[in-house]
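Counting starts at 1 for both ligands and their atoms, in listed order.
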Amino acid sequence: MRMKTISIFGVTGSIGTSALQILRDHSDGFKLNVISAHSNMDALLQITNEFSPEVICVSTSEQEDILKENFPNIEILTGSEGLVEGASRETDICLNAIVGAAGLPISLAAACNAKTLALANKESLVCAGQLLLSNCQKGGTQIVPVDSEHSAIFQVLEGQDRSAIHKIILTASGGPFRDWSYEKMQDVGLEDALKHPNWDMGARITIDSASMFNKALEMIEAQQLFGVASEDIDVLVHPQSIIHSLVEFTDGGQLAQLGVPDMRHAIAYAIHYPKRGKSGVDRLDLAKIGALDFSAPDEKRFPALRLAREVMNGSGCEGAAFNAAKEIALDGFMAGNIGFLQMADIVEKVMVHGDWKSAPDSLPVIKEADQLARELARNYIN
Ligand code: NDP
Ligand code: MG
């Protein structure tokens, strides 16, 4: 059987590292094509030694020099143009596991050049859902989501009548502050926000999970990916993160996908698609777990969910602005410049005071909204 080629952008991150674990178990099935890293040179050098990729994308010319000296036979691409060039190389699978809006140009380039776009970078769909979907359609690229909730929904919908979808129900662990009072949440520190009860993830998405901005992004991601109306997307708090999401159909039946909370399931599903292969994930033993809990989310303590609905009701660049404002607010919280609850205040101000009506039909228009939202958010922080 021919080896499949796979490119991994963000190979040094949490998703990238989990993907490499899967490749180790399938050493005769996949050949690493293009990889990218941003700051973690130690990990990148180790990965390169172990996997001998064809091409490496890095951010600076200093990193380029180090790699050229150590690996004279590997092609090195540099900077944001290098990333786009790397993502434009033909490949069977492109796993986009870069964090933030920086991942968008990669998804757009992969849309014409990869057979499968395994999409962890949810920001691509939040900022430019329609553009990305239409590029994928033109390029014959299949998007397979890597976000666990969207992977669950994607799996549930295989072979189903999509016109019979009544509701998409995204599950949410509720994060570390699920049961905290609003007063207590005013004093949340960085350490508290970095303690996710179930999932082991990169720092940024871990804090976004604590504020439920991650769920807000996922609501928008689901709307874009599955083409459902804002009011047909619900969030259900489920602290054990065993049910990864559900779909309710017109006949009242609900289908769900379950598993232990381990991202290797969704990653393996996407890279083996349309087949299934090993993921290395532990087996789920429901008898041992015994009971699963559910509750409705609290939009007062987690205003990100309310803000997401407003974004979903827009038809302009609201998604790009929302994500960019959130990224700056998150930077502000991580740097200790604003409190935990202020993140949502800042994002709301940016959404209310900016004009986001331009149609998000090209990368320059989307980038303009992204830049303006960042500028406004920085002004509100200072
Ligand atoms: P990490 O922070 O662990 O890793 C991010 C990766 O992106 C690293 O390889 C990093 O390089 C690279 N990177 C960071 N900034 C830039 C930049 N400006 N330009 C180019 N590369 C950059 O993130 P995660 O793996 O947690 O998340 C990746 C994506 O997957 C996010 O969109 C997240 O929302 C999504 N996701 C993650 C889940 C998880 O379990 N982690 C679950 C569901 C979705 P370096 O380390 O070398 O600096
Ligand atoms: Mg998720």
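- Residue-level proximity to ligand 1 for Arg204 is absent, since no heavy atom of it falls below 4.0 angstrom.
- Checked by distance only, ligand 1 and Ser39 come closer than 3.5 Å through their nitrogen or oxygen atoms.
- Interface of Gly10 with ligand 1, defined as ligand atoms under 4.0 Å from a residue heavy atom, comprises 6 (C), 7 (O), 9 (O).
- Ranking protein heavy atoms by distance to atom 4 (O) of ligand 1, first place goes to Gly13 CA, 3.2 Å.
- Protein heavy atom nearest atom 22 (C) of ligand 1, with residue, atom name and distance: His38 CB, 3.4 Å.
- A donor-acceptor contact closer than 3.5 angstrom links the side chains of Asn214 and Glu218.
- Nearest protein heavy-atom contact of atom 25 (O) of ligand 1 is Ile15 N, 2.9 Å.
- For ligand 1, the atoms lying closer than 4.0 Å to a non-hydrogen atom of Met201 are 39 (C), 40 (O), 41 (N).
- Here the protein heavy atom with the shortest distance to atom 34 (O) of ligand 1 is Lys122 CE, 3.2 Å.
- The heavy atom nearest to atom 5 (C) of ligand 1, considering only Thr206, Asn40, Val99, is found in Val99.
- Between Glu348 and Arg306 there is a salt bridge, since at least one side-chain N of the basic residue sits less than 4.0 Å from a carboxylate O of the acidic one.
- Using modelled atom types and a 3.5 Å distance limit, the side chains of Gln257 and His265 yield a donor-acceptor pair.
- Taking a cutoff of 4.0 Å between a charged side-chain nitrogen and a carboxylate oxygen, Lys68 and Asp65 do not qualify as a salt bridge.
- Interface atoms of ligand 1 facing Asn121, defined by a heavy-atom separation under 4.0 Å, are 32 (O).
- Given atom 29 (C) of ligand 1, the protein heavy atom at minimum distance is Ile98 O, 3.6 Å.
- Protein heavy atom in closest approach to atom 3 (O) of ligand 1: Ser14 N, 2.9 Å.
- Close approach of ligand 1 to Ile205 (heavy-atom distance below 4.0 Å) involves ligand atoms 26 (O), 33 (C), 34 (O), 36 (N), 37 (C), 38 (C), 42 (C), 43 (C), 44 (C).
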Step-by-step ring pair (Phe, Tyr, Trp, His ring centres under 6.0 Å) determination, His38 to Phe9: CA-CA 10 Å; His38 183 51; Phe9 293 86; over 10 Å; no
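- Nearest protein neighbour of atom 42 (C) of ligand 1, counting heavy atoms only, is Met263 CE, 3.6 Å.
- Inspection of the Thr78 and Glu64 side chains reveals an N or O donor paired with an N or O acceptor under 3.5 Å.
- Under the 4.0 Å criterion applied to side-chain N and carboxylate O atoms, Arg378 and Glu375 are not assigned as salt-bridge partners.
- Residue Gly202 approaches ligand 1 through these ligand atoms, each under 4.0 Å from one of its heavy atoms: 3 (O), 26 (O), 41 (N).
- Under the 3.5 Å distance criterion, with hydrogens and angles disregarded, a donor-acceptor pair is assigned to the side chains of Asn96 and Ser107.
- Between Phe333 and Phe213, the ring center distance fails the sub-6.0 Å criterion.
- Considering just the N/O/S atoms of Glu149, the one nearest the Mg ion (ligand 2) carries the name OE1.
- A distance of 6.0 Å or more separates the ring centres of His166 and Phe249.
- In summary, Glu90 and Lys115 do not engage in a salt bridge, as defined by a charged side-chain N under 4.0 Å from a carboxylate O.
- Contact between Ala97 and ligand 1 is present, with at least one heavy atom of the residue lying under 4.0 Å from the ligand.
- Looking only at side-chain heavy atoms (C-beta outward), Lys326 and Leu217 come within less than 4.5 Å of each other.
- Atom OD1 is the N, O or S atom of Asp147 at the shortest distance from the Mg ion (ligand 2).
- When distances from the Mg ion (ligand 2) to the N, O or S atoms of Glu218 are compared, OE2 comes out shortest.
- Of all protein heavy atoms, the one lying nearest to atom 32 (O) of ligand 1 is Glu123 OE1, 2.8 Å.
- The six-membered or imidazole ring of Phe340 lies near that of Phe177, with a centre-to-centre distance under 6.0 Å.
- Each of the following atoms of ligand 1 lies closer than 4.0 Å to a heavy atom of Ala120: 30 (O), 32 (O), 35 (C), 36 (N), 44 (C).
- For the residues Asp147, Thr12, Ile106, the heavy atom positioned nearest atom 43 (C) of ligand 1 is part of Asp147.
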